[in-house]
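One structure below.
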2 protein chains.
Amino acid sequence: MIRMIQSLNEHNREDLQEALGKGGQKLTPQREVVFAVLLAQRDHPTVDEVFNRARESMPGLSLATVYNCLETFVGCGLVRQVNHERESTRYCPNLAPHAHFRDKETGQVHDIELPPEVMKSLRSILPPGFDSEVIEISFLGRTKANDPLHSN
Amino acid sequence: MIRMIQSLNEHNREDLQEALGKGGQKLTPQREVVFAVLLAQRDHPTVDEVFNRARESMPGLSLATVYNCLETFVGCGLVRQVNHERESTRYCPNLAPHAHFRDKETGQVHDIELPPEVMKSLRSILPPGFDSEVIEISFLGRTKANDPLHSN
DNA sequence: TTGCGGTTTAGATTCATTCTAACTCATTAA
DNA sequence: TTAATGAGTTAGAATGAATCTAAACCGCAA
């Protein structure tokens with residue numbers, strides 16, 4: 001698939017700048033390109049994938065910078081890390097609470113919406129004294145129909 | 001803590017032998033020692049931790065063998081891998097369905113029982129066409145009281 | 001213009017894990 | 001008894017994602 005990496009639109013750039021600002025960080029050209037890559041194709045790319053896509057519009061970009069940018073985004077709460085077993089970390093700009101479904105065959109990662117009731121029932125299984133900030137839920141399996149609505 | 005690594009009791013050795021046999025694998029002295037280490041202290045050790053504990057009773061044991069043994073156990077369904085972020089894989093002989101709670105401060109991993117209703121409600125959030133074999137749930141947070149009942 | 005701090009960069013380093021090839025050892029075949 | 005087979009074990013090399021390091025860069029304030 002040929003895909004032009006356009007820069008961020010006005011709205012997204014403002015969001016990015018604001019979130020970075022709150023975390024005491026600046027908006028740089030590199031950060032803008034890396035963020036644009038994440039928004040352009042929401043397929044949970046690895047750092048290498050982000051790197052390769054970003055270099056299409058910014059050839060001088062270095063891998064270390066992509067690591068730095070993504071770490072900064074995570075620190076500012078703009079982006080979530082997704083880990084499966086010990087494979088390369090993937091990145092996802094979907095901030096709504098959601099689980100991940102990993103297709104055993106294709107390796108593709110799909111977002112699964114998490115209704116509040118389910119979150120609540122999960123929190124309820126913690127014994128007293130256990131205080132959880134983050135809950136990670138991941139499914140591993142197969143997708144029979146490739147529902148395009150959920151294949152991001 | 002000083003801890004003697006005893007070998008397996010009759011009952012556990014039989015279980016191990018049977019499970020290995022079903023997977024077309026043999027019971028070897030190394031596998032017995034590694035399995036005994038997992039049963040002796042259910043604290044989700046890393047490979048290195050297993051290695052160090054196992055060498056107390058079998059000094060010639062090699063790290064590669066520990067990797068091999070643990071992989072064999074996982075293949076035979078005797079043991080589960082536990083991953084958190086991209087830290088070293090940990091191993092756990094608790095086969096009942098359970099989630100993991102990771103203490104942000106100590107790094108300790110606690111098993112959290114998973115009632116069938118919760119499993120069901122989780123399965124129900126998958127859109128049609130998504131068929132999941134494995135569900136991994138992990139909490140990250142703090143434990144206020146160090147409840148000894150759950151600190152394995 | 002100079003200095004400063006944060007950012008970017010290339011390359012080196014780390015470290016868990018996997019791979020490789022030699023070796024051991026029990027069992028089977030000759 | 002000996003040879004052959006094959007799974008398991010071993011030490012060390014190789015891999016690869018991620019981190020570290022030190023130099024270069026850049027916008028900005030003094």
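First the proteins, then the strands, lettered A, B, ... as listed; each starts at 1. For the numbers below, each heavy atom of this structure counts, side chains included, while hydrogens, waters and symmetry mates do not.
Of the side-chain N and O atoms in A:Arg86, none sit less than 4.0 angstrom from OP1 or OP2 of D:dA17. Dashed line: the shortest gap from a side-chain N or O of B:Thr28 to OP1 or OP2 of D:dT9 is under 4.0 Å.
Residue A:Gln25 is classed as a sugar-phosphate contact, given heavy-atom separations below 4.0 Å to backbone atoms only. Backbone-only contact: B:Ser88 has heavy atoms under 4.0 Å from sugar-phosphate atoms and none from a base. Among the protein residues, A:Leu63 comes within range of no part of the nucleic acid, since none of its heavy atoms lies under 4.0 Å from any strand. Contact annotation for A:Thr46: no contact, since no heavy-atom pair falls under 4.0 Å across all strands.
A salt bridge links A:Glu49 with A:Arg90: at least one charged nitrogen is closer than 4.0 Å to a carboxylate oxygen. The pair B:Asp131-A:Lys144 meets the salt-bridge criterion, since a charged nitrogen lies less than 4.0 angstrom from a carboxylate oxygen. We find that B:Arg102 and B:Glu87 are joined by a salt bridge, their nearest charged nitrogen and carboxylate oxygen being less than 4.0 Å apart.
The separation between B:Asn68 atom CG and D:dG8 atom C1' is 8 Å, rounded to whole Å. The CG-P distance, from B:Leu70 to D:dT9, rounds to 12 Å in whole Å. Taking atom CG on B:Leu27 and atom P on D:dG8, their separation rounds to 11 Å, with Å as the unit. The NZ atom of A:Lys26 sits 13 Å away from the C1' atom of D:dC25 (whole-angstrom rounding). To the nearest angstrom, P of D:dG16 lies 18 Å from CD of A:Glu85. Following rounding to the nearest Å, A:Tyr67 (OH) and D:dG16 (C1') show an atom-to-atom distance of 9 Å. Rounded to an integer number of Å, the gap from B:Gln30 CD to D:dA7 P is 17 Å. Following rounding to the nearest Å, B:Phe51 (CZ) and D:dT10 (C1') show an atom-to-atom distance of 10 Å.
Ring geometry, B:Phe139 versus B:Phe101: the interplanar angle falls under 30°, so the pair is classed parallel (tilted spans 30 to 60°).
A cation-pi arrangement is absent between A:Arg31 and A:Phe35, since the terminal nitrogen or guanidinium carbon is not both under 6.0 Å from the aromatic centre and inside a 45° cone about the axis. A cation-pi contact, defined as under 6.0 Å to the ring centre and within 45° of the axis, links A:Arg55 to A:Phe51.
Side chain to side chain, B:Ser121 and B:Ser124 fail the donor-acceptor criterion of an N or O pair below 3.5 Å. For the residue pair A:His44 / A:Asp111, a side-chain donor-acceptor distance below 3.5 Å is found, with atom types taken as modelled.
Rounded to 10°, the helix from C:dT1-D:dA30 to C:dA30-D:dT1 has 10° between the axis fitted to its first five pairs and the one fitted to its last five.
Chain A approaches DNA chain C over the interval C:dT7 to C:dT17, counting the first and last nucleotide 5' to 3' with an atom under 4.0 Å from its heavy atoms.
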Could you run down the sub-3.5 Å N/O contacts of the protein with nucleotides 12-15 of chain D?
none

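Residues B:Gly77 and B:Leu95 approach most closely at O-CD2, 3.3 Å, considering heavy atoms.
Side-chain contact between A:Ile137 and A:Leu122 is present, with at least one heavy-atom pair separated by less than 4.5 Å.
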